[in-house]
Amino acid sequence: MKTPSNIRYLAIEGVIGVGKSSLAELLGQRLDATLLMEDFGQNPFLKSFYENPEAWAFQTQLFFLLSRFQKLQDTFSQEDIFRPLVVSDYTIEKDRIFAVQNLSEHELAMYDKVAAALQQEVVKPDFVVYLQASVPTLIERIKQRDREMERKIEPSYLLALSEQYNRHFLHYQDAPVMIVNTDNIDFVNNEMDLENLIKEICKCPLGLSFYAPQSSNR
């Protein structure tokens with residue numbers, strides 16, 4: 001399986017716990033792609049943010065914005081011509097979803113000034129896969145991976161974040177978007193679920209498309 005020849009940068013997106021990093025890694029292996037992955041452990045403010053969001057939101061978000069931008073710049077300035085596809089587990093545009101959710105009015109205004117300057121230089125994806133899941137599914141997946149800093153995440157926060165993501169990608173214009181409901185599949189542990197999902201992704205349909213698979217175990 002492979003993506004169309006005009007797809008050079010494929011981005012996987014979704015709310016905390018939905019499985020975007022897992023899918024990006026699996027796609028990287030199956031499609032022989034260069035992986036562009038976030039490392040949340042590098043953000044020195046993240047643990048403090050989860051303990052006291054209001055005090056640490058701006059520092060956390062600005063670090064993420066600059067880090068995501070730098071990773072994109074580094075990856076596409078050193079792109080391997082023999083490995084043309086890049087798969088990432090984020091888009092830099094999604095950074096503002098968290099900014100809107102977490103920053104005060106004055107912080108957001110300052111954030112937007114920095115983001116606007118960076119957006120002029122950033123590489124845009126050719127295709128976006130947006131993974132959706134219900135809040136109960138997200139909570140279960142977050143519990144399963146059991147990251148200490150995520151144990152205090154409230155369902156209300158995940159719901160608000162999901163709504164922000166939905167609004168963002170339903171109106172996303174920079175690339176075609178495939179919205180995938182993942183409530184009923186397990187592409188990490190079920191090989192057939194993964195194969196079916198990859199087949200749909202590799203079609204890279206134009207515009208906005210939807211995929212709501214049922215698990216092959218059902």
Side-chain angles (χ1 to χ4, degrees), residues 1-4 7-41 64 67-68 71-72 75 83-95 97-98 123-147 150 153 158 161-162 164-166 168-170 172 174-205 208-218:
M1 289 180 288
K2 61 180 182 178
T3 58
I7 303 297
R8 301 294 301 278
Y9 172 23
L10 191 157
I12 311 299
E13 266 293 4
V15 181
I16 301 164
V18 77
K20 54 188 176 291
S21 297
S22 296
L23 181 58
E25 290 178 343
L26 291 165
L27 282 172
Q29 296 167 11
R30 297 300 180 92
L31 303 178
D32 193 30
T34 297
L35 274 177
L36 175 57
M37 306 287 285
E38 288 197 284
D39 183 357
F40 289 96
F64 272 134
S67 174
R68 287 163 177 159
K71 281 179 176 288
L72 282 168
T75 296
R83 190 190 294 261
L85 179 65
V86 173
V87 175
S88 73
D89 65 349
Y90 71 93
T91 61
I92 198 168
E93 295 90 349
K94 78 94 173 274
D95 198 87
I97 296 174
F98 286 85
V123 178
K124 304 289 187 179
D126 299 306
F127 191 78
V128 176
V129 178
Y130 167 41
L131 303 179
Q132 285 181 327
S134 64
V135 171
T137 297
L138 294 172
I139 291 172
E140 181 59 32
R141 292 175 183 172
I142 289 170
K143 285 181 179 178
Q144 287 177 2
R145 70 186 188 186
D146 195 29
R147 294 176 182 171
E150 294 177 346
I153 295 179
L158 291 173
L161 203 55
S162 295
Q164 292 275 10
Y165 264 89
N166 289 337
H168 176 74
F169 283 110
L170 282 171
Y172 189 78
D174 290 333
V177 176
M178 174 185 285
I179 298 178
V180 180
N181 185 297
T182 66
D183 276 330
N184 297 314
I185 59 171
D186 182 358
F187 53 78
V188 173
N189 298 303
N190 186 311
E191 182 69 20
M192 188 58 66
D193 285 351
L194 175 63
E195 289 291 329
N196 291 337
L197 179 55
I198 292 178
K199 285 179 184 178
E200 291 298 318
I201 291 172
C202 285
K203 295 176 184 177
C204 294
L208 181 65
S209 59
F210 299 86
Y211 179 48
Q214 296 294 317
S215 175
S216 59
N217 286 335
R218 290 173 178 265

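Keep in mind that this is a model prediction, so the values were computed, not measured.
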Considering residues at least two apart in sequence or located in another chain, which fulfil the salt bridge (Lys or Arg N to Asp or Glu O under 4.0 Å) criterion with Lys94? Glu13, Glu38
Among all residues two or more places apart in sequence or in another chain, which pass the salt bridge (Lys or Arg N to Asp or Glu O under 4.0 Å) test with Arg141? none
Quick one: list whatever passes side-chain hydrogen bond (donor to acceptor under 3.5 Å, both in side chains) with [X], sequence neighbours left out.
| X | value |
| --- | --- |
| Glu140 | Gln144 |
| Ser209 | none |
| Glu25 | none |
| Asn166 | Tyr130, Gln132 |

With [X], which residues qualify under side chain to side chain contact (heavy atoms under 4.5 Å, CB included), at least two apart?
| X | answer |
| --- | --- |
| Asp126 | Ile7, Arg8, Tyr9 |
| Leu170 | Ile179, Leu208, Phe210 |
| Lys124 | Glu93, Gln119, Val122, Asp174 |
| Glu200 | Met178, Lys203, Tyr211 |

Let me know which of Leu194, Val18, Val188 forms a side-chain contact (heavy atoms from CB on, under 4.5 Å) with Leu23. Leu194
For Ile185, does its backbone N or O pair with a side-chain atom of Asp193 as donor and acceptor, under 3.5 Å?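 Such a contact is absent between Asp193 side chain and Ile185 backbone.
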Student check: side-chain heavy atoms of [X] and [Y] closer than 4.5 Å:
| X | Y | value |
| --- | --- | --- |
| Leu31 | Cys202 | yes |
| Val86 | Val123 | no |
| Phe187 | Pro213 | no |
| Ser88 | Thr75 | no |
| Pro205 | Phe127 | yes |

Tell me every residue that passes ring pair (Phe, Tyr, Trp, His ring centres under 6.0 Å) with Phe64, counting only those two or more places apart in sequence or in another chain. Phe40
Does anything in residues 128-137 form a salt bridge (Lys or Arg N to Asp or Glu O under 4.0 Å)? List the pairs, not counting sequence neighbours. none
Enter the distance from Thr137:OG1 to Asp186:CG here, rounded to the nearest 0.5 Å. 11.0 Å
